[in-house]
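Structure record follows, encoded as structure tokens.
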Amino acid sequence: TVGAVARDAAGGLAAATSTGGVTGKRWGRIGDSPLIGAGTYADDRACAVSATGSGEFFIRTSCAHEIAARIRLAGEDAATATETVLAEITAMGGTGGVIVMPLDGAPFWRFSTKGMYRGRVTADQAAEVGVFDDE
Amino acid sequence: MTWALAIHGGAGSMTRANPGPAGARDALAQALAAGEAVLVEGGAALDAVEAAVRVLEDAPEFNAGRGAALSYDGVAELDAAIMHGATRKAGAVAGVTATRHPVSLARAVMEQSPHVLLGGAGADAFAVAHGLEPATQDWLILPERRAQLEIMRAKPDGAFDVEMKFG
């Protein structure tokens, strides 16, 4: 699974996700990526999110929308909202990660796996990429 | 307000002992450059995320587009979504098999149809009708993905292995 979240100079947000699903999927199994609100969500009132991981858990928690809703309705900061929702997914037995673009400030990621292919670049910060959890 | 971009290529069991494909970091850097080129010129976030994801869909190191994981029947069945934060317009496709950039097909659904999510053969037909760049299964499928599928199918319960996605 691959994804991107962006904020433009006007403050507009967007999110996108694309995937082949999981190896050996059967019976027309669809994961969270194409489900708006599960693996992909963008709302200029809150944040933009793209997710990757065991899709069924991201669907059941409506992960991407839940993060945005906690920010918009509960006034949580983006990191707290993200960590709370990922902790719910972990408690259910799911694994994976998200990239999050807040309304202002730097984008960030959280993941519960050993690694996550990721990168970011901002108007103020040079491009950086990472794979392992300790970099 | 300042522009910003973040990308991912999937989460999984990559460790320093088991780092995954060598070209992944370069592909991530190229995807960032593609999105940055849009944003630095004052372009829209929607164009930036599409540009970045298209690069990653073409990169064989990641589970999307070319290099996607295969279904039990050995088919590259691709899913994608895109969403615009200001209007909350969204487009998505599921189970498409013949489009080079599923994220662009998802955007076409958002901008050229009244729908949000199209699936299967209907979504493939929508791609043809709207002139999206086609891709054959031969182009989408890599030998290592076939090998991965064979390993999985050889397992007694045939259960798929989420961790083995490598993005």
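Throughout, a chain's letter reflects where its sequence line sits, starting with A, and its residues are numbered from 1.
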Contact winner vs chain A - B:Thr87, B:Leu140, B:Leu149, B:Leu70, heavy-atom pairs under 4.5 Å: B:Leu70
message: Hydrophobic clustering (ILVMFWY, side-chain heavy atoms < 4.5 Å, transitive) - are B:Leu39 and B:Met1 grouped together?
response: no
message: Would A:Asp8 and B:Asp47 count as a side-chain contact (heavy atoms from CB on, under 4.5 Å) here? Give the steps.
response: CA-CA 10 Å; A:Asp8 55 40; B:Asp47 296 330; over 6 Å; no
query: A:Gly12, A:Ala68, A:Ser50, A:Gly39: which one forms the most heavy-atom pairs within less than 4.5 Å of chain B?
result: A:Ser50
field: Same apolar cluster (I L V M F W Y, side chains within < 4.5 Å links), B:Val96/B:Val128
entry: no
- request: Work out which heavy atom in A:Val129 is nearest to a heavy atom in B:Ala29; give both atom names and the distance.
  value: CG1-N, 4.0 Å
field: B:Trp3 reachable from A:Met101 in the ILVMFWY side-chain graph, under 4.5 Å edges
entry: no
- prompt: At their closest point, which heavy atom of B:Ala81 faces which heavy atom of A:Ser33, and how far apart are they?
  reply: CB-O, 3.4 Å
Chain B contacts, top residue of A:Gly28, A:Gly31, A:Ala16, A:Ser112 (heavy-atom pairs, under 4.5 Å): A:Ala16
Separation of A:Asp44 CG from B:His84 NE2 (nearest 0.5 Å): 6.5 Å
query: Got A:Ile36 and B:Val116 here, is their nearest side-chain heavy-atom distance under 4.5 Å?
result: yes
message: Is A:Glu128 close to chain B through its backbone or its side chain, or both, or neither, when contacts mean heavy atoms under 4.5 Å?
response: backbone
message: Any heavy-atom pair between the side chains of A:Arg26 and B:Ser71 that's under 4.5 Å?
response: no
field: Part of A:Tyr41 lying under 4.5 Å from any heavy atom of chain B
entry: both
query: Quick one: does B:Thr2's side chain get under 4.5 Å of A:Arg7's, heavy atoms only?
result: yes
statement: So, the part of B:Leu78 with a heavy atom under 4.5 Å from chain A: the answer is both
field: Where A:Ile30 and B:Gly95 come nearest, the two heavy atoms and their spacing
entry: CD1-N, 4.2 Å
- prompt: Is there a side-chain contact between B:Met14 and A:Lys114, using heavy atoms and a 4.5 Å cut-off?
  reply: no
- line: Note: vs chain A, highest number of non-hydrogen pairs under 4.5 angstrom among B:Val49, B:Ile82, B:Val38 is B:Val49
task: Would you mind checking which part of B:Leu46 comes under 4.5 Å of any heavy atom in chain A, side chain (CB onward), backbone (N, CA, C, O), both or neither?
output: both
Hydrophobic cluster identity match, A:Val2 and B:Val103, side-chain contacts under 4.5 Å: yes
Minimum heavy-atom distance A:Ala6-B:Leu5, with the two atoms named: CB-CD1, 4.0 Å
field: Residue pair A:Glu135, B:Arg25: steps toward the salt bridge (charged side-chain N to carboxylate O under 4.0 Å, His left out) verdict
entry: CA-CA 13 Å; A:Glu135 56 179 321; B:Arg25 288 177 188 268; 2.7 Å; yes
message: Can you confirm whether A:Arg45 sits close enough to B:Arg88 that some side-chain heavy atom of one is under 4.5 Å from a side-chain heavy atom of the other?
response: yes
- request: Search all heavy atoms of B:Leu28 against all heavy atoms of A:Gly130 and return the closest pair with its distance.
  value: CD1-O, 4.0 Å
task: Using the rule that two of Ile, Leu, Val, Met, Phe, Trp, Tyr join whenever any of their side-chain heavy atoms come within less than 4.5 Å, decide whether A:Leu86 and A:Val49 are in one cluster.
output: yes
field: Structural part of B:Ala76 lying under 4.5 Å from a heavy atom of chain A
entry: neither
query: In a check of side chain to side chain contact (heavy atoms under 4.5 Å, CB included) between B:Asn63 and each of A:Val22, A:Thr23, A:Thr19, which one passes?
result: A:Thr19
statement: In this structure, CD1 of A:Ile99 is separated from NE2 of B:His8 (nearest 0.5 Å) by 4.5 Å
task: Pick one of side chain, backbone, both or neither for A:Ala46, based on which atoms fall under 4.5 Å of a heavy atom in chain B.
output: neither
Top of A:Leu13, A:Asp134, A:Val121, A:Asp104 for chain B proximity - count of heavy-atom pairs under 4.5 angstrom: A:Val121
message: Heavy-atom pairs under 4.5 Å with chain A - which of B:Gly42, B:Ala44, B:Gly67 has more of them than the others?
response: B:Ala44
message: Once rounded to the nearest 0.5 Å, what's the spacing between atom NZ of A:Lys25 and atom CG of B:Asp73?
response: 11.0 Å
task: Among the options B:Glu77, B:Glu57, B:Glu36, pick out the one with the most heavy-atom pairs lying under 4.5 Å from chain A.
output: B:Glu77
field: Residue among A:Ala4, A:Ala127, A:Gly96, A:Ala48 with most heavy-atom pairs under 4.5 Å to chain B
entry: A:Ala4
Exercise: identify the closest heavy-atom pair between B:Leu56 and A:Gly3: CD1-O, 4.3 Å
- prompt: In terms of heavy-atom proximity below 4.5 Å to chain B, should A:Asp133 be classed as side chain, backbone, both, or neither?
  reply: neither
Which of A:Ala14, A:Ala10, A:Gly11 touches chain B most, by non-hydrogen pairs under 4.5 Å: A:Ala14
- line: The side chain to side chain contact (heavy atoms under 4.5 Å, CB included) partner of A:Ser18 among B:Val53, B:Val93, B:Asp79 is B:Val53
query: Got A:Arg118 and B:Ile7 here, is their nearest side-chain heavy-atom distance under 4.5 Å?
result: no
